[in-house]
Amino acid sequence: MWKNPKVGECPCYPTQKLLETLGKAIDEVIKLNVADWVLELGLAPRDTFESVDKIMESAGFKKIGSGSFRLAYEFKDDKGCDCVVKIAKSKDIEFREPNYREMEVMNELPDDIREFFLPLGAADEQSWWVTQPKAETPDDYELRYELSDELESKLKDKGWRCLDLYADNVGLYAGKPVILDYGRGLKCRRRKRTQSPHERVFNAIETPDIRRG
């Protein structure tokens with residue numbers, strides 16, 4: 001298990017109970033073996049992962065969302081912090097890759113802009129899951145646009161420009177605006193103060209070998 005040493009006051013490292021439950025949930029995902037093309041096209045019935053939800057929720061981990069690639073549940077870490085765990089919907093690499101991407105971006109983030117990204121707490125070595133502190137996502141879209149503009153301005157002040165920065169991908173953590181989701185890899189560029197056209201770029205680009213061992 002990878003742990004982020006720079007996660008902050010709320011580590012959001014998985015508890016032993018969560019790790020045991022995740023093992024059962026992953027086994028159930030593998031057992032379901034939902035066709036990748038069904039998931040990609042959004043054709044899976046809404047109750048497709050009901051058995052996974054039951055495993056997680058019966059252990060006390062409430063479901064809070066479901067995206068194209070991942071299922072999300074709440075948990076509290078050993079410090080009592082509110083956290084989230086995101087689990088891949090398929091054993092296929094494409095569905096585990098967002099977890100890998102987030103871990104890689106977190107490792108590559110320059111220190112001068114790290115505070116603008118919702119940190120990861122921990123990640124599975126085969127990229128089945130990642131954990132994060134729970135952020136607040138405002139219902140008011142006007143506020144989300146304001147947060148997005150604020151982040152863009154702060155990044156610009158640091159000399160950076162990041163893609164994937166928009167109203168649906170920002171929230172508040174510890175009272176500060178942060179970028180929430182970088183599961184597809186996040187490109188950030190720092191322009192040099194010379195006439196050189198080259199830019200410093202960090203981005204997760206390699207396809208990882210994340211087969212379940």
Side-chain angles (χ1 to χ4, degrees), residues 1-14 65 67-70 72 77 79 81-86 96-125 127 129-208 210:
M1 176 173 63
W2 172 84
K3 291 183 177 181
N4 180 9
K6 299 180 180 180
V7 70
E9 294 183 5
C10 288
C12 287
Y13 300 152
S68 299
F69 295 87
R70 298 180 287 187
D77 66 10
K79 288 191 173 183
C81 293
D82 292 325
C83 306
V84 174
V85 59
K86 296 184 283 190
R96 287 183 285 152
E97 195 168 358
N99 292 330
Y100 178 90
R101 296 293 183 210
E102 288 189 332
M103 181 180 67
E104 185 141 290
V105 169
M106 187 56 45
N107 281 325
E108 293 180 353
L109 270 173
D111 287 338
D112 61 340
I113 60 173
R114 184 172 292 274
E115 65 180 300
F116 304 134
F117 293 76
L118 183 64
L120 292 190
D124 173 57
E125 291 180 356
S127 298
W129 53 261
V130 295
T131 65
Q132 287 179 299
K134 186 179 180 183
E136 177 188 350
T137 306
D139 293 328
D140 186 344
Y141 257 84
E142 285 300 320
L143 178 54
R144 291 194 199 183
Y145 283 118
E146 291 176 10
L147 294 177
S148 178
D149 289 344
E150 182 179 347
L151 279 167
E152 185 175 11
S153 177
K154 288 183 175 181
L155 285 163
K156 184 178 179 180
D157 288 344
K158 297 283 188 178
W160 290 88
R161 177 177 180 271
C162 292
L163 305 181
D164 281 356
L165 178 53
Y166 50 89
D168 282 336
N169 198 21
V170 297
L172 289 167
Y173 177 58
K176 297 179 180 180
V178 288
I179 299 173
L180 301 177
D181 187 345
Y182 32 97
R184 294 183 181 274
L186 189 70
K187 293 181 179 178
C188 285
R189 296 181 172 86
R190 187 167 200 166
R191 301 184 185 280
K192 294 183 177 180
R193 294 185 178 181
T194 66
Q195 294 182 345
S196 169
H198 300 294
E199 300 173 325
R200 180 182 173 189
V201 179
F202 73 85
N203 183 43
I205 56 174
E206 296 181 0
T207 300
I210 51 178

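Throughout, numbering of the chain's residues begins at 1 and tracks the sequence.
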Reported [atom1]-to-[atom2] distance for the pair [X] and [Y], which is rounded to 0.5 angstrom:
X: E102; Y: E97; atom1: CD; atom2: CD; result: 12.0 Å
X: I179; Y: L109; atom1: CD1; atom2: CG; result: 8.5 Å
X: D82; Y: Y173; atom1: CG; atom2: OH; result: 9.5 Å
X: Y182; Y: L118; atom1: OH; atom2: CG; result: 6.0 Å
X: M106; Y: W2; atom1: CE; atom2: CH2; result: 6.5 Å
X: L165; Y: L147; atom1: CG; atom2: CG; result: 10.0 Å

State, with a plain yes or no, whether a side-chain heavy atom of [X] is found less than 4.5 Å away from one of [Y].
X: D77; Y: T131; result: no
X: K79; Y: P11; result: yes
X: F116; Y: C162; result: no
X: P177; Y: V170; result: no
X: R161; Y: E152; result: no

For the student: nearest non-hydrogen atoms of [X] and [Y], plus distance:
X: I113; Y: L155; answer: CG2-CD2, 3.8 Å
X: T137; Y: L180; answer: OG1-CD1, 3.9 Å
X: D111; Y: K6; answer: OD1-NZ, 3.2 Å
X: A123; Y: M103; answer: CB-SD, 3.8 Å
X: G121; Y: Y13; answer: O-CE2, 3.1 Å
X: P14; Y: A122; answer: CD-CB, 3.7 Å

Option among D124, N99, N4 that satisfies the side-chain contact (heavy atoms from CB on, under 4.5 Å) test with V130: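 The option that passes is N99.
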side-chain contact (heavy atoms from CB on, under 4.5 Å) partner of W129, chosen from R70, M1, K86: M1
Answer yes or no for C83 and C10: SG-SG distance under 2.5 Å. no
Does Y166 have more than 12 heavy atoms from other residues, nucleotides or ligands lying within 6.0 Å of its OH? yes
Stepwise side chain to side chain contact (heavy atoms under 4.5 Å, CB included) check, V7 with L120: CA-CA 6 Å; V7 70; L120 292 190; over 6 Å; no
Begin with the C-alpha distance, continue with both residues' side-chain angles, and end with the deciding distance and a verdict on side chain to side chain contact (heavy atoms under 4.5 Å, CB included) for D140 and E146. CA-CA 10 Å; D140 186 344; E146 291 176 10; over 6 Å; no
Exercise: do D168 and Y141 side chains pair donor with acceptor under 3.5 Å: yes
Are any of the side-chain nitrogens in K154 or E150 under 4.0 Å away from the carboxylate oxygens of its partner? yes
